[in-house]
Protein chains: 2
Amino acid sequence: MVTLAEVAQHAGVSASTVSYVLSGKRSISANTRQRVERSIRELGYHPNAGARALASSRSNIIALMIPLRTDMYVPVMMEIAIAVATTARTHGYDVLLLTGEEGPDAVRRVAGSGLADGMILMDVELDDERLPLLRATDQPSVLIGLPSDTTGLTCVDLDFRATGALCVEHLAKQGHQDVAVIGEAPAVYERHTGFAERTLDGLRSRARELGVRLLHRPCEGGYDAMAVTLARILDERPDTSGIIVQNESAVEPLLALLRQQGRAVPEDVSVVAICPDQVATQASVRLTSVSLPAQEMGRHAVEHLVAKLAGRGSDEVVLLAPELTVRSSTGPAPSRP
Amino acid sequence: MVTLAEVAQHAGVSASTVSYVLSGKRSISANTRQRVERSIRELGYHPNAGARALASSRSNIIALMIPLRTDMYVPVMMEIAIAVATTARTHGYDVLLLTGEEGPDAVRRVAGSGLADGMILMDVELDDERLPLLRATDQPSVLIGLPSDTTGLTCVDLDFRATGALCVEHLAKQGHQDVAVIGEAPAVYERHTGFAERTLDGLRSRARELGVRLLHRPCEGGYDAMAVTLARILDERPDTSGIIVQNESAVEPLLALLRQQGRAVPEDVSVVAICPDQVATQASVRLTSVSLPAQEMGRHAVEHLVAKLAGRGSDEVVLLAPELTVRSSTGPAPSRP
DNA sequence: ATAGGTTGTCGAAGCGCTTCGATACCTATT
DNA sequence: AATAGGTATCGAAGCGCTTCGACAACCTAT
């Protein structure tokens, strides 16, 4: 283990000089800087993280709390996590992975121990139990997701209300009057996950405005659950000509079932998905969809947090505008017989 | 920020006593222990991570390097990552998330800075460029995956060779003579990812032993790519009656295509998948499959690493035995006309 | 020639913890 | 009664770094 002192000695300067070369917090002559940098290279010096953290009371670590449950949006979570990690690195931060398991205690632990300088919380619920703690410890943080009360918080999320509205609009514009919404698993709604409720909100209010009849049904993923859900929907509203899906693992089963029943997409039924682009483009029908900008969310979250840590940046809610990409799963509503 | 010294003063003991209460490295009278613990609780004390790391030269952090690419096995990666994080916590460790992006440099940085006490590498390639470094720095580490040269390394992986063999056996036992293998994306093979090559190895050698004709074709995920691949396979080997898929995102497209072509599963074609159980059970046909024991791998990796860090544990290769679960996608081969 | 500013470097004081003797007391042994 | 061995506690030394104040050495403007 090479230490700062050894580098200093090797370069013939004092330890503090080396430190200032490293941090750039005081001006150093070009000559000295080069000598020091050379010594660093020759000795293979790496600053010791613990010592640094102790002396500067900054760990250069960002904590990322991801949900323990993997019942939804796994690839999206992963994409966000990776975006967070890579963006953080470009700002000189590393990422500590916390699972939801510990719950609020993790916030206490991380804030208390100075393990991380700030944290990013994913999968925030409308009334999340971690929020009071977050406010109390004034731990710099950014949420991915939107709780019901955002005072004193910085949040980044897709504008799901606008997303819902956008989906309905697209179908309405093509003449669809009866639209079914296939949602996330019931548990997601019971848990009051913000994005699910806000999507529904957007869907409903826009539908009301446009005179579209909307039928919302939660749905566990998978083929069997989808079969039951679809049957019920068509039973209740036989004239359904548009379907909006917000559940990755229901997408392909839905398409398979429609095909099996002889309902052509988009001739008989139009389908709009709210899902990652990858799912939309790889499905058996290229789906018209609103994509989940996972990377962008991760990047934004880190950048806001870094700004906060630098003393810049303020509490703020950033809602990313949804974009609907038209592919081949939507078309004009069939004329009623 | 409450410090050790403040706790000591509050409890009327010396700082070292508090430290020993916390670490249990020396015996402390029940009386003193209780007083100290009470003070800790009352003051809401949390040991400072940096100071601890500096003094003890242990960070209680495990680094987890996950691949940057998300072109395959995303849910599996996520499941492993979560298993690693939760298991690590039960041993008092936190997990630092490193993406493949930095490549070998990350190993150098983490090892050099003492940021982490040990590391777990995922997605290890047969001839991984991180391995020489790992050996050189004698950083305690565990690989998830199996490189070609494992000397001096600890590895955990599913026994993919046995997995391949098992799939062929299952089909052969049911009388299938012509079996097609739909593999990962070509890039995965070009990159010499261990698991893909070893699966192929197991498939081929067992097929040879059992006199089964095997045709292997890599396949990008998605419906379109699958359509092309399947057409080629059936063109080249019209008598194909068994299909083995090792590519999550090809599973559902494959089933859809077979259905569309009027080939019943399992009456006309038997399908065996190598994929997470969730995929196998949620597909439109409940798939006979060999599951990827993601959780178990994550758990194992952490436990080996923790053992190493504690001075116990040795270099060792652990191959988890595959388990084939028969569901409804396989049956006897159809009799030839 | 001198006061006032810069610029570049150093020394020393910690940051909050762990850990290694040293010490003091108590019980068991001879 | 003297000694050995435990048990419980303390004090002090450092872990490797950052950062602040001090101070030369130099430059510029009077």
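Chain letters run A, B, ... following the sequence lines, proteins first and then strands; every chain starts at 1. Heavy atoms only: backbone and side chains are in, while hydrogens, waters and symmetry mates are out.
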Report task. Determine the contact category for L54(B): base if any of its heavy atoms lies under 4.0 Å from a base atom, sugar-phosphate if only primed atoms, P, OP1 or OP2 are that close, otherwise nothing. Result -> base
Query raised in the report: Hey, does S16(B) reach any base, or is it just sugar-phosphate, or nothing, if we go heavy atoms under 4.0 Å?
Result: base
Requested in this report: Please state how far atom CD in Q9(A) lies from atom P in dC17(D), giving the value in whole angstrom units.
Outcome: 14 Å
Report task. Starting at atom CE of M1(B), determine the distance to atom C1' of dC15(C), rounded to an integer number of angstrom. Result -> 12 Å
Requested in this report: Measure the distance from CD on Q34(A) to C1' on dG8(C) and round it to the nearest whole Å.
Outcome: 15 Å
Query - d(OH, Y20(B); C1', dA22(C)) in whole Å - result: 12 Å
**Report entry** Close side-chain approach of M297(B) to V76(B), heavy-atom, < 4.5 Å
**Finding:** no
Query raised in the report: Taking only side-chain nitrogens and oxygens of T17(B), does any of them come within less than 4.0 Å of OP1 or OP2 of dC10(D)?
Result: yes
Query raised in the report: With sugar-phosphate meaning primed atoms plus P, OP1 and OP2, does L4(A) contact a base, only sugar-phosphate, or nothing at under 4.0 Å between heavy atoms?
Result: base
**Report entry** Heavy-atom neighbours of D127(A) CG exceed 12 at 6.0 Å
**Finding:** no
Query raised in the report: Would you say dC10(C) has OP1 or OP2 under 4.0 Å from some side-chain N or O of S14(A)?
Result: yes
Query raised in the report: Among the nucleotides dG8(C), dG16(D), dA8(D), which one has an atom lying closest to any side-chain atom of T32(B)?
Result: dA8(D)
**Report entry** Distance in angstrom units between R52(A) CZ and dC17(C) P, rounded
**Finding:** 21 Å
Query raised in the report: Could you state the CZ-P distance from R26(A) to dC23(D), rounded to the nearest angstrom?
Result: 14 Å
Report summary line: Of all heavy-atom pairs linking A63(B) and L98(B), the shortest is CB-CD1, 3.8 Å
Query raised in the report: According to a strict under-4.0 Å criterion, is K25(B) in side-chain N/O contact with OP1 or OP2 of dT19(C)?
Result: yes
Requested in this report: Remember a base hit wins even if backbone is also touched, and classify T3(B) as base, sugar-phosphate or nothing at under 4.0 Å, heavy atoms.
Outcome: sugar-phosphate
Requested in this report: Check whether any side-chain nitrogen or oxygen of S27(A) sits under 4.0 Å from OP1 or OP2 of dT7(C), and answer yes or no.
Outcome: no
**Report entry** Considering all heavy atoms, the nearest M122(B)-R130(B) contact
**Finding:** O-NH2, 3.4 Å
**Report entry** Result of checking V18(B), V36(B), T17(B), V13(B) against I28(B) for side-chain contact (heavy atoms from CB on, under 4.5 Å)
**Finding:** T17(B)
Query raised in the report: Can you tell me how far P of dC17(C) sits from CG of L115(A), to the nearest Å?
Result: 13 Å
Query raised in the report: dG14(D) P sits how many Å from N48(A) CG, rounded?
Result: 18 Å
Query raised in the report: Where the side chain of S29(A) is defined as all heavy atoms beyond and including C-beta, which of dC17(D), dG8(C), dT18(C) is the nearest nucleotide?
Result: dG8(C)
